[in-house]
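For clarity, every value in this text was computed on a predicted model and none was experimentally measured. Per chain, numbering begins at 1; letters A, B, ... match sequence-line order.
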Number of protein chains: 2
Amino acid sequence: MLEIKELDIDKLEMAASMLKAMAHPMRIAILKHLEGGKRLTVTEIHELLGIEQSTTSHHLGILKDKGVLCSKREGKNTFYYLKYEVLSQIVECVHSCTCE
Amino acid sequence: MLEIKELDIDKLEMAASMLKAMAHPMRIAILKHLEGGKRLTVTEIHELLGIEQSTTSHHLGILKDKGVLCSKREGKNTFYYLKYEVLSQIVECVHSCTCE
DNA sequence: TTTACGAATGCAAATATATAAATATTTAAG
DNA sequence: CTTAAATATTTATATATTTGCATTCGTAAA
């Protein structure tokens with residue numbers, strides 16, 4: 001019983017931490033650019049968004065750490081991409097609810 | 001051109017603020033209890049979750065302020081409910097991605 | 001091995017958030 | 001009008017997040 005409740009709390013915290021990772025304007029912008037299975041490097045994202053390289057890397061690190069993105073190093077570049085394509089539904093859903 | 005970009009930033013910030021409102025373990029728990037069009041009072045939620053009344057009210061205020069919930073006062077009670085039923089998809093989606 | 005490029009990390013300041021205790025407000029009942 | 005119940009707000013403290021600069025790390029090319 002206690003275990004079940006603890007498990008629920010753990011699940012809630014995992015879900016919250018993933019949502020929190022996504023809940024930032026620049027990180028939403030990143031997710032939008034990665035929709036459809038696209039893969040982008042840190043530099044590409046940093047230039048697309050017009051924010052600092054280190055800030056970009058930090059945001060990407062948060063998204064990766066919380067299970068939203070994956071990364072793969074290829075030579076000097078690191079490509080980032082969505083871990084679950086279904087997550088872009090969240091962006092679309094929130095977007096539709098905030099645009100009326 | 002600048003206007004369009006500004007508009008995008010505004011939209012991103014609105015989406016982020018709605019997601020941020022949802023990105024908290026207790027607030028996700030609240031949303032789960034409100035799935036399916038259910039309406040609950042502050043006291044009911046505070047007892048369901050086992051957290052302080054003032055904390056509960058604070059969380060509900062955040063969700064309402066950011067457009068996730070609506071509220072309707074009826075006598076001494078205030079009932080809270082989902083503003084957009086579709087938002088419970090977000091909870092389900094994140095939940096499915098964090099449970100594997 | 002030296003150089004240069006892309007990416008990640010450590011750090012600090014500013015800002016934001018979470019929590020709960022205390023207090024205030026609103027409403028219904030007596 | 002007074003009281004009590006349900007909410008909401010205020011306040012204070014603790015904690016977390018954001019950002020950019022400076023630096024370091026990893027890799028490939030010269």
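Rounded to whole Å, the distance from CG on B/Leu63 to C1' on D/dA8 is 15 Å. Protein atom NZ of A/Lys64 is 11 Å distant from nucleotide atom C1' of C/dA7, rounded to whole Å. In this structure, B/Glu47 atom CD and D/dA6 atom C1' are separated by 11 Å, rounded to whole Å. Whole-Å rounding puts the A/Lys72 NZ to D/dG26 P distance at 18 Å. The distance from atom NZ of A/Lys20 to atom P of D/dA16 is 9 Å, rounded to the nearest whole Å.
Using a 4.5 Å cut-off on side-chain heavy atoms (C-beta onward), B/Val68 and B/Lys83 make no contact. Within the 4.5 Å cutoff, no side-chain heavy atoms of A/Ile45 are placed close to those of A/Val42. Annotation: side chain of B/Lys64 is not in contact with side chain of B/Cys70 (no heavy-atom distance under 4.5 Å).
Here the nucleotide nearest the side chain of B/Thr78, chosen from D/dA8, D/dG20, C/dA18, is D/dA8. Here the nucleotide nearest the side chain of B/Arg73, chosen from D/dC21, C/dA21, D/dT7, is D/dT7. Closest approach to the B/Thr43 side chain among C/dA7, D/dT18, D/dT7 is made by D/dT7 (side chain taken as heavy atoms from C-beta onward). When the nucleotides C/dT17, C/dC5, D/dC21 are ranked by their closest atom to the side chain of A/Lys76, C/dC5 comes out on top. Proximity note for B/Gln53 (side chain, C-beta onward) versus C/dA7, C/dT19, D/dT7: the nearest is D/dT7.
Within the structure, every side-chain polar atom (N or O) of B/Ser57 is placed at least 4.0 Å from both OP1 and OP2 of D/dT9.
Among the atoms of the strands shown, only primed sugar atoms or phosphate atoms (P, OP1, OP2) are found under 4.0 Å from some heavy atom of A/Tyr80.
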